[in-house]
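Note on naming: letters A, B, ... go to the chains in the order of the sequence lines (proteins, then strands), and numbering restarts at 1 for each one. Everything quoted here is computed from the prediction, not taken from an experiment.
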Amino acid sequence: MASDFISKTKRSHSCGALRASHIGEQVVLFGWVHNRRDHGGLIFIDLRDREGLTQIVFDPAVSREAHATAEALRAEWVFGIRGKVRSRGLQFSKKENKEVPATNPNLATGEIEVEVTEIQVFNKAETPPFEVSDHIDVSEERRLAFRYLDLRRPALQKVIMTRSKMNAATRSYFVDNGFLELETPFMGRYTPGGARNFLVPSRLNPGKFYALAESPQLYKQLFMVAGFDRYFQIVKCFRDEDLRLDRQPEFTQIDVEMSFVAQEDVFGIIEGLLKRLWKEVHGLDVPTPFKRLDFDESMRRYGNDKPDTRFGMEHTVLNGLIEKFGVEGGVAPMWETVQQKGLIKALVVSPVADGQHDPGVVKAKEEAFRRANPNPTAKVPPPPKELSRKEIEELEQYVMGMGAKGLARAKLAENGDWTQAPLFKNAKPELKAAILEATGAKPGDLILFQFGPEPKVHTIMANLRVHLAKKLWLIPEFGAGGKWNFLWVVNPPLFEYDEESKTWAAAHHAFTRPMDECLKYLDGPEQDLSKVYCYRYDVVLNGFEIGGGSIRLHDPAVQAKVFKAMGITEEDARSKFGFLLDALKFGAPPHGGIALGMDRLSFLITETESLRDVIPFPKTQKGTDLMTGAPGDVDEKQLRELYVKSAPPAK
RNA sequence: GGGGGGUUAGUUCAGCUGGUUAGAACGCCGGCCUGUCACGCCGGAGGUCAGGGGUUCAAGUCCCCUACCCCUCGCCA
């Protein structure tokens, strides 16, 4: 009986533990059939648990009974064995024409095997819908539907276990630094603004709803008011917004708040944490402090506030130049953009020199080619130096998908002519020369242009820049490529002008502290909301925002001015955040904090493709769970109990 | 809400300009095999071509609608 074996027999080792030093020992292993190789006489099985694989051998000369049982074993059956560790012995090598040790260098336990004397099958398994193996290709859809099988795959297990290690390291780091791990409610009051909330109807309060917390933001500030001084929490947050490869509706933050600190104190703590995590996971020493980049400069050079600084191709703003030449410059659409207070940006794509490609990408493409072309004399195509005309046309389709009207470009011939550049047909030679000067473009280069409304141009050019870097193998499709470029993006403006409503709105949450030297622009004779910068910061890694925070406004007087500037009446403010405003009146310490995206951190540190690879049970892009079928129907009675009526749109 | 890509055997894919019996690899089943390790060899089974509608003598292939998956803009810190 299975239970007998378990109750009488203790597991002695994991499947990743045994080494040559164990040879001769009696051991007991439990695990799953990972792979079987039946030679008729001998049967080899790779036994798998979360720690690794161990080859076990069934030899009829050792145990006829165990061998007979092993003949029936199939993939993913669960069983336990008792046996003796032995050396793998010798194997004839044709290459070396002699006997060599039969070790498997691919396995940590490759020096040994276990000769089975007793076996107990705990459970059979149906043939799984896909192999539990790292080397096979299965659609993510299938994998999500059978997530518990997918989670058996060693590569995915490793990622999930790394995440567990990160959680432990994070807790110990913060505790070591005097932080308290404090909990906050998930179910709170709905407050407008920011992300859309998931709502939970209240049965005890007909017609009322809780909102699931999009973050513990307000609560953690209350912890500071309450005097806890240093808070952290590894906490789930909920946002009912569209998903992306780096966005899930429920996700985990490392949430932090500190009293009596300035911006640099927060940076120091977070740099220390990230240093610790990279040391723990990769054994790497991440250099600190991280680089600091002004928000405005980031927008100018990269078009977004989370630049990937692993490669160049920075943007050049041409507004000044076009304005100087005026309509006589000969590029009417750009001149019009200047008139309409739009933005004109250029980006230079130079031929990629040998050795500038990402070595990982080169290697991966080579291997893929070798797999597809087994003939060893087949010549591997070289890495791309530049874009073909067809690829440039594809780029145009790509940017038009983001709402661009087209992709203006100029290919610089060796003789200095501008080709493929109808837009510059009538451009003054002096203007062209000035563009070359500003962008640094040389013969052989390709210059790409966007002009139009500022936010759109930024977005398109930012995405185009990354797209090109991947296309030209400057960075891998995913993963770090050996470069971990951490960066703080700092000093953003506090307000954002909203074209639609013609008002200034908070670009961040309403409790971000303006810089002292900007206070005079909040109101009075010098008022100019575009000049109000604030203590707000994002920490960025290789083009992903991994966290963001701010120093908070703890002074009710300044708070009142900010609300007024945003057109929020005292009444409004009271109804939205009355409890926090009250709290600030009772002696709030200066405080500030940050929240790091734990999922993003995990997926970057493990160099996986998507957040779904570091979340054990993730949602699809439509927010569904392919395994459980959530979200699902509920019956009328349940809805009635909650005083809720459901009215989905007719098909 | 918009743009792009996809859905063919259990899995990953091929299937040309519409043409008569829809293929491959892996997996699965059976047989053989005492040193394999993504074992090997021989044989076999396995298909609602996502669903619905249309065009046609004829549809996996062309057209329309729907569903689902992925990337992305908007949205989202």
Side-chain angles (χ1 to χ4, degrees), chain A residues 34-46 53-62 67 74-75 88-92 99 101-107 109-110 113 126-146 193-197 214-215 217 237 239-249 251 253 305-306 371 394 397-404 455-456 459-460 462-463 466-467 477 489 492 506-509 512 536-540 544-550 594-597 600 609-610 612 619-622 624 626 651:
Chain A
H34 188 67
N35 186 19
R36 66 189 296 272
R37 296 173 293 279
D38 184 347
H39 286 245
L42 289 182
I43 297 172
F44 298 94
I45 285 185
D46 293 330
L53 297 174
T54 299
Q55 172 166 290
I56 61 178
V57 193
F58 294 87
D59 186 339
V62 173
H67 181 267
R74 290 294 180 271
R88 292 252 183 135
L90 297 173
Q91 185 175 21
F92 185 78
E99 297 272 306
T103 56
N104 182 347
N106 300 321
L107 289 186
T109 60
E113 62 192 7
E126 280 183 22
T127 302
F130 51 84
E131 278 179 84
V132 176
S133 166
D134 288 337
H135 65 260
I136 48 145
D137 246 356
V138 186
S139 72
E140 200 172 10
E141 207 174 338
R142 292 278 69 201
R143 290 171 43 202
L144 290 174
F146 296 90
R196 199 174 287 124
N197 291 104
E214 59 178 86
S215 81
Q217 182 62 42
C237 303
R239 291 179 191 164
D240 187 6
E241 295 292 346
D242 285 11
L243 283 73
R244 288 281 188 283
L245 92 146
D246 62 344
R247 278 166 27 191
Q248 281 272 313
F251 60 100
Q253 285 191 342
D305 60 352
K306 45 172 187 173
R371 271 196 303 278
E394 282 166 6
Q397 293 307 308
Y398 171 74
V399 296
M400 284 168 76
M402 287 185 285
K456 198 178 229 180
T459 301
I460 291 167
N463 286 320
V466 175
H467 182 80
E477 206 59 47
V489 175
H508 321 289
H509 84 116
T512 302
R536 153 83 217 187
Y537 33 84
D538 284 341
V539 56
V540 174
F544 287 90
E545 181 200 315
I546 55 175
S550 63
I594 191 166
L596 300 180
R600 283 185 190 173
E609 286 183 58
S610 128
R612 295 184 297 274
K619 303 277 191 288
T620 68
Q621 199 164 58
K622 281 193 76 187
T624 63
L626 295 178
K651 286 283 152 85

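- Residue contacts shown for A:R143 are absent, as no nucleic acid heavy atom lies under 4.0 Å away.
- Across the protein-nucleic acid pair, A:R36 atom CZ and B:C37 atom P stand 15 Å apart, rounded to whole Å.
- Look at B:A50: its Watson-Crick or wobble partner, with both distances under 3.5 angstrom, is B:U66.
- No option in A:Q55, A:H34, A:R36 other than A:R36 meets the side chain to side chain contact (heavy atoms under 4.5 Å, CB included) test with A:I45.
- In this structure, A:D137 atom CG and B:A14 atom C1' are separated by 15 Å, rounded to whole Å.
- Comparing B:C75, B:C71, B:U12 by their nearest atom to the side chain of A:Q621 picks out B:C71.
- For the C1' atoms, the distance from B:G31 to B:G23 is 26 Å, rounded to whole Å.
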| query | What string of B, S and - do you get for nucleotides 24-33 of chain B 5' to 3' if you count protein non-hydrogen atoms under 4.0 Å? | reply | --SSSSS--B
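- Residue contacts shown for A:G110 are absent, as no nucleic acid heavy atom lies under 4.0 Å away.
- Contact annotation for A:K456: no contact, since no heavy-atom pair falls under 4.0 Å across all strands.
- With C1' as the reference atom, B:A22 and B:C13 are 13 Å apart, rounded to whole Å.
- Atom-to-atom, CG of A:L245 to P of B:U72 comes out at 5 Å; the value is rounded to the nearest Å.
- A gap of 28 Å separates the C1' atoms of B:A14 and B:C57, to the nearest Å.
- A donor-acceptor pair is defined here as one N or O able to donate and one able to accept, closer than 3.5 Å; no such pair exists between the side chain of A:R143 and the backbone of A:V138.
- Look at B:C75: it lacks any Watson-Crick or wobble partner with both distances under 3.5 angstrom.
- With distances taken from any side-chain atom of A:D46 to the nucleotides B:G1, B:C37, B:U72, the minimum falls on B:C37.
- The distance from atom CZ of A:R142 to atom C1' of B:C68 is 12 Å, rounded to the nearest whole Å.
- A:E141 comes within 4.0 angstrom of the backbone, heavy atoms only, and of no base.
- Closest approach to the A:R196 side chain among B:C75, B:U12, B:A77 is made by B:C75 (side chain taken as heavy atoms from C-beta onward).
- With P as the reference atom, B:U61 and B:G18 are 11 Å apart, rounded to whole Å.
- Rounded to whole Å, the C1' atom of B:C49 lies 16 Å from the corresponding atom of B:U11.
- Taken to the nearest 0.5 Å, the CG atom of A:D38 stands 4.0 Å off from the CD1 atom of A:I43.
- Residue contacts shown for A:R247 include a base, since a base heavy atom lies under 4.0 Å away.
- Within a 6.0 Å radius of CZ in A:R196, no more than 12 heavy atoms belonging to other residues, nucleotides or ligands are found.
- Between A:A61 and A:M400, it is A:M400 whose nearest contact on RNA chain B lies nearer the 5' terminus.
- Between the CG atom of A:L107 and the P atom of B:C37 there is a distance of 12 Å, given to the nearest Å.
- Note on ring orientation: taking the six-membered ring where Trp is involved, the planes of A:H467 and A:Y398 are parallel (angle under 30°, cut-offs 30° and 60°).
- B:U12 and B:C28: their P atoms are spaced 16 Å apart (whole Å).
- When heavy atoms are screened at a 4.0 angstrom cut-off, A:T459 is found touching the sugar-phosphate backbone but no base atom.
- Nearest nucleotide to the A:D59 side chain, out of B:A77, B:U34, B:G10: B:U34.
- Base pairing analysis places B:G44 opposite B:C28; the two distances defining the Watson-Crick or G-U wobble pair are each below 3.5 Å.
- Note on A:T624: only backbone sugar-phosphate atoms sit closer than 4.0 angstrom, heavy atoms only; bases stay farther off.
- The separation between A:R244 atom CZ and B:C71 atom P is 9 Å, rounded to whole Å.
- Protein atom CD of A:Q248 is 12 Å distant from nucleotide atom P of B:C69, rounded to whole Å.
- Taking atom CD of A:Q253 as the reference point, atom P of B:C76 lies 16 Å away to the nearest angstrom.
- B:U21 and B:G47: their C1' atoms are spaced 13 Å apart (whole Å).
- Counting any heavy atom pair closer than 4.0 Å across all strands shown, A:E113 reaches a base atom.
- Side-chain atoms of A:L626 and A:E141, non-hydrogen and from C-beta on, do get closer than 4.5 Å to each other.
- Comparing B:A77, B:G35, B:C69 by their closest approach to the side chain of A:R536 singles out B:A77.
- Nucleotide B:U34: unpaired (no Watson-Crick or G-U wobble partner with both distances less than 3.5 Å).
- Contacts of A:S139 with the nucleic acid, taken as non-hydrogen atoms under 4.0 Å apart, involve only primed sugar atoms and P, OP1 or OP2.
- Using a 4.0 Å heavy-atom criterion, one finds that A:A195 contacts the sugar-phosphate atoms exclusively.
- Using P as the reference atom, B:G4 and B:G30 are 49 Å apart when rounded to the nearest Å.
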